Amino acid sequence: KINNFFISVLHTKDGIGIGKIDVSTGEFKVLLIPPSDISKFNDEIHRINPSECIVGTTYLNDPIIISMKKIIPGIKISECDDWYFLPDNAYQTLLKHFKTHSLKGFGIEDNYAILIQVSGAIIGYLIDKRKQSLLHVTKLSIESKDDYMILDRYTQYNLELLKTSTSLLSVLDQTETAMGGRLLNYLILQPLINPDIINKRLDSVEELYVSSVNILEIKEILKDIFDIERIVGRISIGSSNPRDLINLKFSLLIIKRLYEIINNLNAPLWKQLSREIETAMPGLTVVIELIEKSIIDEPPVKIKDGGFVKIGFNAELDELKLIIKEGKNWIAELENTERERTGIKSLKIKFNNVFGYYIEISKANLNYVPDNYTRKQTLVNAERFITPALKEFENRILNADEKMMQIEREIFEKVRLEILNYHNDIQTSAYAVAQTDVLVSLAKIARDRNYIRPIVDNSDKIEIVDGRHPVVESIDEKSKFIPNDTRLDNNENQILIITGPNMAGKSTYIRQVALIVLMAQMGSFVPAQSANIGIVDRVFTRIGASDNIARGESTFLVEMNETANILHNATARSLIILDEIGRGTSTFDGLSIAWATVEYLHDYEKLGTKTLFATHYHELTELSLTLPRVKNYNIAVKEWNDDIIFLRKIIEGGADKSYGIQVARLAGIPQKVISRAKEILQELENNSFDEVGKPKLAHTHEKSYVKQLNLFAENEDIKKLLNKIAKIDINSTTPFDAFTKLNELITMSKNIIES
């Protein structure tokens with residue numbers, strides 16, 4: 001259910017071009033990234049997750065290639081000659097491959113030289129260097145960032161969209177085919193931003209959700225469909241086998257059954273899929289009939305094993321099969337005849353690849369060997385002989401067998417090439433199957449999990465009633481998930497400051513909002529009572545704390561890199577999820593950065609970005625007093641006998657306590673540490689310091705220590721010292737005067753300390 005992409009990359013002043021092809025399925029796309037935008041390049045590479053990349057010799061040490069190796073550590077970088085990427089050469093390669101007079105039909109004829117270069121290079125390299133047939137690669141499309149929501153690699157990781165057992169994919173994927181699984185992967189990473197297209201997809205899911213159509217019946221049909229895309233890929237590159245053809249035939253027959261069901265559905269997308277299959281049906285029928293006539297239903301896996309062509313398909317082959325079949329009877333008759341003629345009851349006719357056919361006689365019967373037997377080999381207990389008749393038969397049989405294998409190989413090749421004449425019809429129907437599989441999967445999960453259809457429009461609001469986290473609620477189905485509401489917009493509820501203790505559910509809450517938005521825009525029903533989602537162009541996340549030792553980046557630097565990326569790239573249509581900012585540094589530094597970040601998101605005229613900010617800095621709740629679009633919410637907690645109960649409910653207002661010590665107890669911290677922490681907390685909250693600013697509870701074995709100067713104490717001598725310093729005119733002071741004044745200041749300071 002995962003694509004295996006082979007890519008080409010070129011970095012010029014015009015931008016960064018990426019060509020990507022999955023030879024196993026025939027998918028071929030190109031995309032363009034702004035010049036030197038390594039961050040966006042890294043995001044795309046992380047999403048594509050290629051296995052191999054070709055790069056021109058000149059560009060092997062380009063910064064984007066170095067960066068790509070870090071993003072995908074196991075990627076294979078293959079060097080190729082620069083001329084593969086030359087515009088004229090790449091252009092001619094594409095014209096030759098697609099057999100067209102121009103590339104206008106693919107949308108890359110004008111002003112897209114770099115896209116022609118990367119797409120032409122990848123086709124030329126695979127044909128020349130890898131000797132691959134790409135007959136099934138018949139389409140080239142441009143991926144546009146204007147068509148889908150952008151999810152950078154941090155967001156993909158932080159929201160756990162793929163690649164883990166607790167990912168969004170693991171919940172939504174109830175697809176039955178590999179093709180449907182690959183498409184679902186794609187849709188999760190590229191949610192749409194066009195409400196019309198999204199609602200068409202939602203219409204299709206809703207029709208299955210509410211209609212009497214048996215979803216399980218459709219899934220049972222889909223379950224028997226093989227990976228048509230990859231079968232056609234193998235047929236194209238010449239690596240297919242007879243069983244592939246039978247699997248293709250059975251799959252195409254099942255598509256006919258599938259068509260009968262979806263043809264009765266009424267949503268526009270279902271009608272479109274029905275028309276596509278109907279249009280492809282004549283070609284599919286030809287392929288089905290061709291395979292039905294030529295290949296037996298249970299063929300061997302390997303071509304060299306032979307015996308896979310049906311009787312009646314080729315007259316010459318049938319004659320050879322008859323010769324071989326009759327030859328076996330002839331051998332049996334000859335063996336009986338020779339036994340009677342010689343009187344040797346143990347006489348046997350055998351065959352091996354070294355000597356061919358021979359007569360084997362034990363040494364006890366050698367006296368009875370006729371004169372027309374020619375000795376071929378002597379063994380310990382027997383000898384082997386041949387006769388002119390046996391030799392003539394051998395030549396005839398072996399020639400027939402060899403000829404039969406040759407004819408079967410020729411028939412297979414002919415059938416293979418004939419199938420490729422209809423590969424567009426097959427690929428069209430395969431994609432229709434993939435879409436059907438995904439839509440059925442989304443409808444089933446919506447029924448099973450009690451999801452609802454969201455309203456998706458161009459408004460600026462995100463309103464969710466009783467929203468739930470799709471993954472968390474699926475992990476522990478016995479515990480009832482506590483739903484929560486969300487209201488975000490660009491006018492009154494732009495930034496929500498979420499406070500509350502650890503383990504209360506802040507992170508789960510802010511993630512679930514992002515996941516519900518993402519699900520809605522990929523055309524899925526969502527876990528909520530109701531949801532109105534205004535289109536979001538990007539989802540940004542700043543979650544967790546981790547360092548990057550390989551790059552020499554501390555936890556705090558990683559945190560600041562991610563925050564900087566958000567502040568530079570967010571728009572008014574973006575959604576930002578912040579789970580703490582600044583905890584990787586000192587408290588005051590972290591609070592200052594977090595405070596300034598909220599102000600920037602609120603006030604910067606180009607932003608106004610909808611933001612959920614979970615934090616332990618309770619001071620941030622004061623921002624709502626001065627910033628009108630900042631609202632405070634907290635996770636409700638119930639205190640009971642010095643313990644806390646997490647209610648998991650979002651309520652208005654800021655939290656007044658962190659409950660850190662109670663959480664520490666829940667984590668198993670020793671009671672002695674808990675008790676001591678309570679004492680220290682109480683003293684800190686009471687501002688209980690001694691006269692030198694040291695906590696009274698601080699235990700020390702020092703008998704004496706130098707008093708610390710309290711600059712904020714009411715002290716006349718300190719005021720005199722400060723006044724004297726303030727009156728010094730550094731510009732008119734001679735070196736000798738400076739030395740004198742410094743000596744006076746030192747004397748005054750010593751007197752203050754001693755007093």
Side-chain angles (χ1 to χ4, degrees), residues 3 5-35 44 48 50 53-56 58-59 80-148 186 190 194 197 229 232-233 235-237 272 275-276 279-280 283 417 419-431:
N3 281 105
F5 283 116
F6 184 97
I7 69 170
S8 59
V9 172
L10 182 64
H11 186 192
T12 71
K13 62 181 178 58
D14 297 322
I16 304 172
I18 303 176
K20 64 172 187 175
I21 186 169
D22 186 338
V23 176
S24 68
T25 65
E27 183 178 338
F28 186 23
K29 296 183 178 181
V30 288
L31 60 150
L32 183 63
I33 294 170
E44 286 301 323
I48 297 169
C53 174
I54 61 165
V55 183
T58 304
Y59 295 90
C80 71
D81 296 328
D82 287 334
W83 63 264
Y84 277 104
F85 288 90
L86 292 178
D88 288 342
N89 181 72
Y91 187 82
Q92 293 302 320
T93 298
L94 292 173
L95 292 185
K96 182 179 179 182
H97 174 73
F98 290 118
K99 296 180 176 60
T100 57
H101 295 292
S102 76
L103 298 175
K104 290 181 179 179
F106 300 104
I108 61 172
E109 177 78 20
D110 304 316
N111 303 321
Y112 285 107
I114 192 170
L115 296 184
I116 293 173
Q117 289 173 269
V118 291
S119 54
I122 202 169
I123 291 291
Y125 180 86
L126 286 172
I127 292 175
D128 292 348
K129 299 296 185 181
R130 300 294 170 86
K131 307 300 180 186
Q132 288 189 311
S133 168
L134 301 176
L135 294 176
H136 64 307
V137 181
T138 59
K139 298 178 182 178
L140 171 61
S141 58
I142 300 175
E143 280 194 357
S144 172
K145 290 182 178 293
D146 296 332
D147 296 334
Y148 57 86
Y186 179 85
Q190 293 191 313
N194 185 323
I197 301 176
E229 291 176 335
V232 173
I235 291 173
S236 173
I237 64 178
Q272 177 187 327
R275 285 193 302 271
E276 289 174 355
T279 303
L417 294 175
I419 290 172
L420 287 177
N421 290 332
Y422 302 93
H423 65 267
N424 279 334
D425 291 332
I426 298 172
Q427 287 178 325
T428 297
S429 61
Y431 188 62

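Small disclaimer: the values here were computed from a predicted structure and weren't measured.
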Quiz item: Aromatic rings Phe6 and Tyr125: how do their planes relate, parallel, tilted or perpendicular, breaks at 30° and 60°?
Solution: parallel

Under 3.5 Å donor-acceptor, [X] side chain and [Y] backbone:
{"X": "Asp22", "Y": "Asn3", "result": "no"}
{"X": "His136", "Y": "Val23", "result": "yes"}
{"X": "Ser119", "Y": "Gly19", "result": "no"}
{"X": "His97", "Y": "Val137", "result": "yes"}
{"X": "Ser133", "Y": "Ser236", "result": "yes"}

What closest approach, in Å, do [X] and [Y] show between heavy atoms, and which atom pair accounts for it?
{"X": "Ile122", "Y": "Phe28", "value": "CG2-CE1, 3.6 Å"}
{"X": "Leu94", "Y": "Ile116", "value": "CD1-O, 3.9 Å"}
{"X": "Gly283", "Y": "Tyr422", "value": "CA-CD2, 3.6 Å"}

Quiz item: Is the number of heavy atoms from other residues, nucleotides or ligands within 6.0 Å of OH (Tyr186) greater than 12?
Solution: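 More than 12 heavy atoms, drawn from other residues, nucleotides or ligands, come within 6.0 Å of this atom.
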
Quiz item: Can you name the side-chain hydrogen bond (donor to acceptor under 3.5 Å, both in side chains) partners of Thr138, sequence neighbours left out?
Solution: Asn424

Exercise. Could you go through the side chain to side chain contact (heavy atoms under 4.5 Å, CB included) check for Thr25 and Gln427 one step at a time?
Key: CA-CA 9 Å; Thr25 65; Gln427 287 178 325; over 6 Å; no

Self-check item: Sub-6.0 Å ring centroid separation between Phe106 and Phe98
Solution: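 Judged by ring-centre distance (under 6.0 Å), Phe106 and Phe98 do meet the cut-off.
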
Quiz item: Between Ile16, Ile114, Leu115, Asp82, which is the residue that forms a side-chain contact (heavy atoms from CB on, under 4.5 Å) with Leu10?
Solution: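 The passing option is Ile114.
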
Quiz item: Just wondering, do Ile21 and Ile123 contact through their side chains at under 4.5 Å, heavy atoms?
Solution: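 The answer is yes, as the side chains (C-beta and beyond) meet within the 4.5 Å cut-off.
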
Quiz item: side-chain hydrogen bond (donor to acceptor under 3.5 Å, both in side chains): which pairs involve residues 87-96, sequence neighbours left out?
Solution: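 Sorted result for residues 87-96: Tyr91-Glu109.
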
